[in-house]
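We name chains A, B, ... by the order of the sequence lines, and we start the count at 1 in each one.
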Amino acid sequence: MQQIHDTINDWYLENARDLPWRRPGVSGWEVMVSEFMLQQTPVVRVLPVWEEWMRRWPRPQDLAAEPLSEALKAWGRLGYPRRAQRLHAAAVEITTEYNGEVPRTEAQLLALPGIGDYTAAAIACFAFAERTVVVDTNIRRVHARLFGGMALPEPSPRASEFARAREVQPEDDRTANLWNVSVMELGALVCTARSPKCGQCPVFEQCAWVAGGQPAPHYTPKGQAWKGTDRQVRGAIMAILREHEEAVPQQSFLADLAQESDAGYVALARLQSPLDQRERALAGLLKDGLAIAEDNGIRLPS
DNA sequence: AAAGCGTGGAG
DNA sequence: TCTCCAAGCTT
């Protein structure tokens with residue numbers, strides 16, 4: 001096992017991407033913002049937004065001093081805007097409860113809004129060199145193949161996966177710390193979900209999945225519905241709200257909505273449909289876009 | 001605990 | 001074109 005540790009860690013030192021939140025001396029806040037943005041979002045799309053956020057809000061208290069709507073607008077088109085809402089709330093909590101210092105223990109991080117098992121372990125490990133067991137989608141996939149001989153991990157994380165992740169960790173703290181990010185990077189660059197680059201894999205010889213003849217996945221992932229959903233409605237509404245610095249009169253707001261193809265039609269139909277459906281659309285808006293809507297003076301049909 | 005939550009690029 | 005997927009979290 002130590003052979004595998006050294007091989008993957010060495011591979012990382014040679015092949016890791018030069019990402020700004022991995023630079024030496026980055027703050028806990030810089031790591032934390034990157035982790036929020038990277039939840040379900042590719043690195044290339046996060047990079048420019050992260051740079052802008054760090055320029056504008058270099059400390060938690062800087063973001064906490066802003067209205068939520070600014071965070072939502074600056075979130076841009078990263079998707080899942082409630083992450084911006086939770087990051088803002090976390091910044092407020094760090095400012096009031098931790099004197100502006102991002103907490104360094106997993107338990108403290110886990111208690112903040114928007115931070116779950118993965119993000120807590122990641123921030124503690126990457127920013128503060130705490131010994132944690134990081135389990136993300138990349139690591140789950142590498143473990144499933146390398147140790148489990150399976151094409152893909154189970155659709156949702158199992159307790160057994162966390163147990164295995166703990167068991168395969170290096171004993172030495174420093175090596176374990178590097179192992180976390182190394183396995184993750186291997187999953188991101190080589191051991192990818194679709195068409196893995198096994199020819200470039202440093203542990204090709206040790207891989208249980210390869211040894212088993214690379215069997216196909218034992219399940220077919222189900223895609224998420226999009227057309228006609230509340231999410232599509234919110235997406236269309238948020239897209240318009242983001243682009244306005246000033247108040248958007250209801251009439252021009254609805255006109256903008258009508259001009260949006262597809263999503264706009266769905267949103268408009270919802271907003272003008274019978275009460276129960278309209279309430280669903282409004283409820284969705286209220287969850288993510290209430291502050292931005294209020295700031296813009298949006299008054300939806302009632 | 002399964003479902004809901006945005007967005008855009010790759011294959 | 002259409003499906004899958006990307007450093008998950010919350011209820």
Novice: Could you check how far NZ of A:Lys227 sits from P of B:dT7, rounded to whole Å?
Specialist: 14 Å
Novice: Applying side chain to side chain donor-acceptor pair (under 3.5 Å), can you list everything that pairs with A:Thr96, at least two apart in sequence or on another chain?
Specialist: none
Novice: Mind checking the C1' distance from C:dA7 to B:dA2? Whole angstroms is fine.
Specialist: 23 Å
Novice: Can I get a per-line list of side-chain donor-acceptor pairs under 3.5 Å for residues 112-121 of chain A, giving both atom names and the distance, sequence neighbours left out?
Specialist:
unit_1   : atom_1 : unit_2  : atom_2 : d
A:Tyr118 : OH     : A:Glu35 : OE1    : 2.8
A:Thr119 : OG1    : A:Gln39 : NE2    : 3.0

Novice: Got a sec: does the OH of A:Tyr98 have more than 12 other heavy atoms crowding it under 6.0 Å?
Specialist: yes
Novice: For the pair made of CD in A:Gln232 and P in B:dG8, what is the distance, rounded to whole Å?
Specialist: 13 Å
Novice: List in chain and number order the residues that pass side chain to side chain donor-acceptor pair (under 3.5 Å) with A:Arg55, two or more places apart in sequence or in another chain; answer none if no residue qualifies.
Specialist: A:Glu52
Novice: Can you list everything that forms a salt bridge (Lys or Arg N to Asp or Glu O under 4.0 Å) with A:Asp62? Sequence neighbours excluded, please.
Specialist: A:Arg59
Novice: Nearest-Å distance, CZ (A:Arg242) to C1' (B:dG6)?
Specialist: 9 Å
Novice: Could you tell me the separation between the CG atom of A:Leu78 and the P atom of B:dC5, rounded to a whole number of Å?
Specialist: 19 Å
Novice: Quick one, give me the B/S/- string for nucleotides 4-11 of chain C, reading 5' to 3', where B means a protein heavy atom under 4.0 Å from the base and S means that only happens at the primed atoms, P, OP1 or OP2.
Specialist: BSBBBSS-
Novice: For A:Ser156 and for A:Gly76, locate the closest nucleotide of DNA chain B by heavy-atom distance; then report the residue assigned to the nucleotide nearer the 5' terminus.
Specialist: A:Ser156
Novice: For A:Arg22, what residues pass the salt bridge (Lys or Arg N to Asp or Glu O under 4.0 Å) criterion, not counting sequence neighbours?
Specialist: A:Glu185
